[in-house]
Amino acid sequence: MEEFPPSLIDSSLVKAYSSDIAVENVLEAIQIYGGYGYMKDLPTEKLLRDAKLIQIYEGTNEINLLTAIESYMDERG
Ligand SMILES: Cc1cc2nc3c(=O)[nH]c(=O)nc-3n(C[C@H](O)[C@H](O)[C@H](O)COP(=O)(O)OP(=O)(O)OC[C@H]3O[C@@H](n4cnc5c(N)ncnc54)[C@H](O)[C@@H]3O)c2cc1C
């Protein structure tokens with residue numbers, strides 16, 4: 001049975017990991033489209049800014065990782 005609500009460690013790691021994967025995937029999409037993927041004509045340019053934002057707001061990924069590590073250390077005493 002999965003924990004609900006998710007622990008601070010799980011939610012911090014999932015937020016950081018999923019936003020990193022989102023950026024990675026949009027970058028790949030832009031690369032596939034080539035120069036056109038970089039232009040505003042395609043939604044990939046906006047998708048990259050949106051994905052990048054998720055790495056920054058609601059706690060930057062660096063802070064989420066620090067939070068997860070601190071919480072893990074606290075749990076271990
Ligand atoms: C479009 C947009 C919408 C937003 N909406 C909201 C909103 O609705 N409500 C709200 O409250 N805020 C909102 N924000 C603000 C957002 O939450 C902050 O931008 C975010 O928390 C980062 O804070 P900062 O910009 O002051 O960066 P800083 O805290 O100055 O950090 C700058 C960089 O340093 C890194 N850093 C800082 N401290 C450490 C550390 N100890 N170890 C390692 N790295 C570190 C950070 O990870 C980051 O990469 C929004 C921002 C944007 C761009």
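Order of listing sets the numbers, starting from 1, for every ligand and every atom in it. The model shown is predicted, which means the values in this text are computed figures rather than measured ones.
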| request: Indicate if Tyr72 and Leu13 have the same hydrophobic cluster label, given that clusters are the connected sets of ILVMFWY residues with side-chain heavy-atom separations under 4.5 angstrom. | output: yes
| message | Using only atom types and a distance under 3.5 Å, with no angle test, would you say the side chain of Lys15 pairs donor to acceptor with the backbone of Gly59? | response | yes
Can you list every pair where an N/O of ligand 1 is under 3.5 Å from an N/O on the protein?
from	atom 1	to	atom 2	distance (Å)
ligand 1	47 (O)	Thr60	OG1	2.6
ligand 1	47 (O)	Glu62	OE1	2.7

Contacts table for residues 27-41: side-chain donor-acceptor under 3.5 angstrom, sequence neighbours left out:
none

| Do Val26 and Lys52 have side-chain heavy atoms sitting under 4.5 Å apart? | no
| request: Please examine the side chains of Asp20 and Glu24, heavy atoms only from C-beta on, and report whether any two atoms are closer than 4.5 Å. | output: no
| Joint hydrophobic cluster, Leu65 plus Tyr17, side-chain heavy atoms closer than 4.5 Å | no
